[in-house]
Number of protein chains: 2
Amino acid sequence: MVTYQADAWTALADPTRRTIFGRVAERPRPVGELARELPVSRPAVSQHLKVLKKAGLVIDQPAGNRRVYRVDPDGLAALRAQLDRFWTAALANYKAIVEQSTEEDS
Amino acid sequence: MVTYQADAWTALADPTRRTIFGRVAERPRPVGELARELPVSRPAVSQHLKVLKKAGLVIDQPAGNRRVYRVDPDGLAALRAQLDRFWTAALANYKAIVEQSTEEDS
DNA sequence: CCTTACCGTTAGTGGTCACTTACCAAGCTG
DNA sequence: CAGCTTGGTAAGTGACCACTAACGGTAAGG
């Protein structure tokens, strides 16, 4: 058994998985279509999708014989929020430095 | 020698490195201060900072005896832009679905 | 100058992960 | 039902990576 982590950052760390996620973001796709566009085997794609699903980044939905994967907006939003925290923190820090140097000038 | 990758996603995949990046985002810090707050050795922190630097996420600046690390706004902005591409792609896709179902209703 | 503090680098190791091959289950079509 | 398509899972392997211990190199302080 392959037991992967369930972290969104870890999930998007792998280039292949990032490509898969990009494809799914453009348009919901079944597994086979993704595998045909990628230089890896179909089982590899299945495993990648399993990781992305566990990380809350994609949702799978059975459609007859096939299984269509689409982006989970909530997971993507959560990741965006986390990145924004870094952004605002860094920004606030730079702002403080600018204000300090302005005071020094006066 | 330890040859790591230089990708921002890969850099932030590691939890320890993400914590370090968060600390640096709050306020620029020297290596020793980061190491004292973390459950890893100082060399480990140095290696993590090396990865973050290679990924363009932090900048180092010698300050006398110490070496202060701060966030590189450009690298963080680039990552944000990449995540926004996923976001807008997924959003456009959902919008298309909503519009289609609206047409079906009429 | 000698000591102390701060930091980067190297070498070595254990653990995790991406990948393939092989196999099995379920839906569609004749 | 038989055959084809689609896809998830198991097992095994090679590679990468996070970590520590040990060392060297540079600035501050007595």
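In the text below, chain A, chain B and the rest are named by the order of the sequence lines, each starting its count at 1.
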Margin query: With heavy-atom distances below 4.5 Å as the criterion, would you say the side chains of B/F86 and A/R18 are in contact?
Written below: yes

Next item on the list: Report yes if the side chains of B/L79 and B/W9 come closer than 4.5 Å at any heavy-atom pair, otherwise no.
Entry: yes

Notebook entry, point to check: So do the side chains of B/V58 and B/D72 get within less than 4.5 Å of each other, counting heavy atoms only?
Noted result: no

Check: Among D/dC19, C/dC6, C/dT9, which nucleotide sits nearest the side chain of B/D14?
Finding: D/dC19

Item checked: Five-pair end axes of the helix from C/dC1-D/dG30 to C/dG30-D/dC1 and the angle they enclose, rounded to 10° -> 20°

Note to self: Can you measure A/K53 atom NZ to D/dG7 atom C1' for me and round it to whole angstrom units?
What the structure shows: 12 Å

Next item on the list: Verify the neighbour count for atom CZ of B/R66: are there more than 12 heavy atoms of other residues, nucleotides or ligands below 6.0 Å?
Entry: no

Check: Which nucleotide sits closest to the side chain of A/V31: D/dG8, C/dC19, C/dC7?
Finding: D/dG8

Item checked: Interatomic distance where NZ belongs to A/K54 and P belongs to D/dT9 [whole Å] -> 10 Å

Next item on the list: Would you kindly give the NE2-to-P distance between B/H48 and C/dC7, to the nearest whole Å?
Entry: 16 Å

Notebook entry, point to check: Of the non-hydrogen atoms in B/A8 and B/L57, which two are nearest, and what is the gap between them?
Noted result: O-CD1, 4.1 Å

Margin query: Strictly below 4.0 Å: does A/T16 bring a side-chain N or O up to OP1 or OP2 of C/dC19?
Written below: yes

Item checked: Integer-rounded Å distance: C/dG8 C1' and B/L52 CG -> 15 Å

Item checked: Euclidean distance, atom CD of residue A/E33 to atom P of D/dT6 [Å, nearest integer] -> 11 Å

Check: Can you list the steps and then say if A/K53 with A/D60 is a side-chain contact (heavy atoms from CB on, under 4.5 Å)?
Finding: CA-CA 8 Å; A/K53 184 183 171 184; A/D60 63 328; 3.2 Å; yes

Notebook entry, point to check: For B/R36 and C/dC7, what is the distance between atoms CZ and C1' respectively, to the nearest whole Å?
Noted result: 12 Å

Next item on the list: Kindly point out which of D/dT9, C/dC6, D/dA18 is positioned nearest to the side chain of B/R17?
Entry: D/dA18

Margin query: What's the separation between atom NZ in A/K54 and atom CG in A/L49, rounded to the nearest 0.5 Å?
Written below: 14.0 Å

Checklist line | Any A/Y69 side-chain N or O less than 4.0 Å from OP1/OP2 of D/dT6 | finding: no

Check: Do A/R70 and A/Q61 get their side chains close enough for a donor-acceptor pair, meaning under 3.5 Å?
Finding: yes

Checklist line | Nearest-Å distance for atom pair CG/P, residues A/D7 and D/dA18 | finding: 13 Å

Heteroatom pairs (N/O) under 3.5 angstrom, protein to nucleotides 20-30 of chain C:
from, atom 1, to, atom 2, distance (Å)
C/dT20, OP2, A/S41, N, 2.8
C/dT20, OP2, A/S41, OG, 2.7
C/dT20, O4, A/Q47, NE2, 3.1

Notebook entry, point to check: Is the shortest heavy-atom distance from the side chain of A/V68 to the side chain of A/R29 under 4.5 Å?
Noted result: no

Notebook entry, point to check: Taking CD from B/Q61 and C1' from C/dG8, how many angstroms apart are they, rounded to a whole number?
Noted result: 18 Å

Note to self: Does C/dG8 have its OP1 or OP2 closer than 4.0 Å to a side-chain nitrogen or oxygen of B/R67?
What the structure shows: yes

